[in-house]
Amino acid sequence: MHHFVPHRIRETMRPFFAYGIVDGVKPGQGGRARLAVMTLADQTRSDTDVLIAGGGFAGLTLAIALRRALGSSFAVTVADPALDKSHAGDERASAIVAAARRLFEALGVWQRVADEAQPILDMVVTDSRLNDAVRPVFLSFGGEIEPGEPFAHMVENRLLVDALESKARDCGVELLAGAVKAISPPPASGPRIVATLADGGAIAARLLVAADGARSTIRQSAGIATHGWNYGQSAIAINVEHERDHGGRAEEHFLPAGPFAILPLKGRRSSIVWTEHTQEAERIAALPDEAFHAELERRFKLHLGEIQVIGTRRVHPLGFFVARSFIAERIALVGDAAHVIHPIAGQGLNMGLKDAAALAEVIVDAARLGLDPGAADVLDRYQRWRRFDTMAMGLATDGLNRLFSNRSDVLRLARDVGLGMVERLPALKRFFVREAAGLTGQTPKLLRGQLP
Ligand SMILES: Cc1cc2nc3c(=O)[nH]c(=O)nc-3n(C[C@H](O)[C@H](O)[C@H](O)COP(=O)(O)OP(=O)(O)OC[C@H]3O[C@@H](n4cnc5c(N)ncnc54)[C@H](O)[C@@H]3O)c2cc1C
């Protein structure tokens, strides 16, 4: 339901309370304790240039990029109910490819997580049945795209989100702990869109960015449909401790039910993304510890010695969808709000960062010329840039999953011949590695390590 709150009458609304951060807070002052209670009346305006709904990876990255490039005269607000919640206990980790690392370096965020980031030094891919005693390696590569530059790093999500949040605060991004509940379209190409927050307050912005994840409220409120499908597969995500060092090696075992990935974390720990048909994933995840461990060991094997699960088991249903449009009037979609892909190639978050970098670049180009960042031609440029690339990556990961997640011997032969060819042709292999590291195609400046 849309509640239209005209910009002009905002001043007459009763003040609402929100947790917010005021510009000018000194860098490095404590974490969430710094949250100050603000009222709408305290703010010099309830308008902002860009309002970002969602303070996950994509939303916070965009916010920092805009402030770093455009300075304090350009107001950026991020609203997310999770902003006043602790991420402690969330053990998920992500592979941050080289291009994304360059982006975080350019934004001054990487420095805050570098010590905790585990480089992927080497990667092996196998294609086997569950009970095969030996898993022949079909594809392997050293993990460097340039000397001294690893293809990817594994970083725990909570460390990265915390680093992004504190950097955003240091850059003067206004952070509001609250959900965007509804939007009111601008009256006949008006200059601002109005977003209503969960606590009843309203904010008017020249551009509203939906960075609110796969179930995006903004996307639905704007009436943007998606196309895609469910895979009938779910991923069990867990972390394990093991006796021996992983040596920075990542492993992806293509088993008939789906990929089983072992990704190295700092210390003798690894993050596991374990794909099964959904019913089987739910059955396995609900098993008592001993039986769960037995299922895990059948897939993990014993090459790193004894293993032990740390933290909780999480099950994520897997699907693929792309929004029919990445833009609407004064609205742009980024990250999982715009697309969700299979985690088979660990690219979902990296694609969201590419959206954030591309959108930052078109906004910055417009703002520097004194143009409206929410104007239709600015948003068109963003959509043209990102939608095709997203479809290409989405369909590539979909194809990979279809090729690998099945029991067909014919397909098995075909893929093994294919992987064998890639393994034997260094130029082709180098191309795939650079592609996976996000270094091919029309790369936004940030992903080349430059501010827009
Ligand atoms: C098992 C698994 C493994 C994965 N591994 C990888 C990997 O190795 N590498 C990789 O690149 N990707 C990986 N991904 C994908 C990656 O996790 C997502 O693509 C990424 O988290 C999306 O980031 P985001 O910022 O778009 O959305 P999210 O991280 O979902 O953030 C959305 C934010 O919006 C907030 N929000 C929600 N509703 C509202 C609202 N109404 N108003 C305001 N805020 C709101 C939420 O609180 C949240 O903070 C994996 C995914 C899965 C399922």
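All ligand and atom numbering here is 1-based and tracks the order in the structure.
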Numbered atoms and elements of ligand 1 in range of [X], under 4.0 angstrom, heavy atoms:
X: Phe57; result: 21 (O), 23 (O), 25 (O)
X: Thr217; result: 41 (N)
X: Gly213; result: 27 (O), 30 (O), 32 (C)
X: Ala211; result: 32 (C), 33 (C), 34 (O)
X: Gly335; result: 26 (O)
X: Ala95; result: 7 (C), 8 (O), 9 (N), 11 (O)
X: Pro81; result: 43 (C), 44 (N), 45 (C)
X: Ala82; result: 47 (O)

Can you tell me which residue and heavy atom of the protein come closest to [atom], and the distance to 0.1 Å?
atom: atom 13 (C) of ligand 1; answer: Leu349 N, 4.1 Å
atom: atom 26 (O) of ligand 1; answer: Asp336 N, 2.9 Å
atom: atom 1 (C) of ligand 1; answer: His316 CD2, 3.7 Å
atom: atom 37 (C) of ligand 1; answer: Asp212 O, 3.4 Å
atom: atom 9 (N) of ligand 1; answer: Gly346 O, 3.0 Å
atom: atom 31 (O) of ligand 1; answer: Gly56 CA, 3.7 Å
atom: atom 2 (C) of ligand 1; answer: Pro343 CB, 4.1 Å

[X] side chain to [Y] backbone, donor-acceptor under 3.5 Å:
X: Asp355; Y: Gly335; result: yes
X: Arg67; Y: Cys171; result: yes
X: Asn230; Y: Gly319; result: no
X: Glu361; Y: Pro452; result: no
X: Arg268; Y: Glu241; result: no
X: His246; Y: Leu265; result: yes

Find out whether [X] and [Y] are in side-chain contact, i.e. whether some heavy atom of one side chain is under 4.5 Å from a heavy atom of the other.
X: Arg269; Y: Glu156; answer: yes
X: Leu379; Y: Phe326; answer: no
X: Val378; Y: Leu207; answer: no
X: Ile96; Y: Phe57; answer: no

Exercise for the section: Please work out whether the ring planes of Phe260 and Phe300 are parallel, tilted or perpendicular, with thresholds of 30° and 60°. Expected result: perpendicular

Handout entry: Structural part of Ala79 in contact with ligand 1, heavy atom criterion under 4.0 angstrom
Key =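 The backbone, only.
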
Exercise for the section: Indicate, as side chain, backbone, both or neither, the part of Ala214 found under 4.0 angstrom from ligand 1 when only non-hydrogen atoms are considered. Expected result: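 For Ala214, no heavy atom sits under 4.0 Å from ligand 1.
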
Practice task
Decide salt bridge (charged side-chain N to carboxylate O under 4.0 Å, His left out) for Arg386 and Asp389; before the verdict, give the C-alpha distance in whole Å, the side-chain angles of both, and the deciding distance to 0.1 Å.
Solution key: CA-CA 5 Å; Arg386 290 301 303 142; Asp389 187 54; 2.5 Å; yes

Handout entry: ring pair (Phe, Tyr, Trp, His ring centres under 6.0 Å) involving Phe321 - partner list, sequence neighbours excluded
Key =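 Listed in chain order: nothing, the list is empty.
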
Exercise for the section: For atom 5 (N) of ligand 1, state whether the nearest protein heavy atom is under 4.0 Å away. Expected result: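 So far as the 4.0 Å threshold goes, atom 5 (N) of ligand 1 is out of reach of every protein heavy atom.
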
Practice task
Can you confirm whether something in the protein, heavy atoms only, sits under 4.0 Å from atom 17 (O) of ligand 1?
Solution key: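 Under the 4.0 Å cut-off, atom 17 (O) of ligand 1 has no protein heavy-atom neighbours at all.
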
So, regarding [X] and ligand 1 (criterion: nitrogen or oxygen to nitrogen or oxygen, under 3.5 Å), is there a contact or not?
X: Asn157; result: no
X: Ser94; result: no
X: Val180; result: yes
X: Ala58; result: yes
X: Gly59; result: no

Problem - Nearest-option assignment for atom 33 (C) of ligand 1, heavy atoms, candidates Val334, Asp80, Ile341, Ile272 - result: Asp80

Practice task
Check Phe320, Tyr231, Trp229 against His342 for a ring pair (Phe, Tyr, Trp, His ring centres under 6.0 Å) and give me the one that passes.
Solution key: Tyr231

Handout entry: Thr312 and Glu91 side chains, donor-acceptor separation under 3.5 Å
Key =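 Per modelled atom types, Glu91 and Thr312 side chains form a pair under 3.5 Å.
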
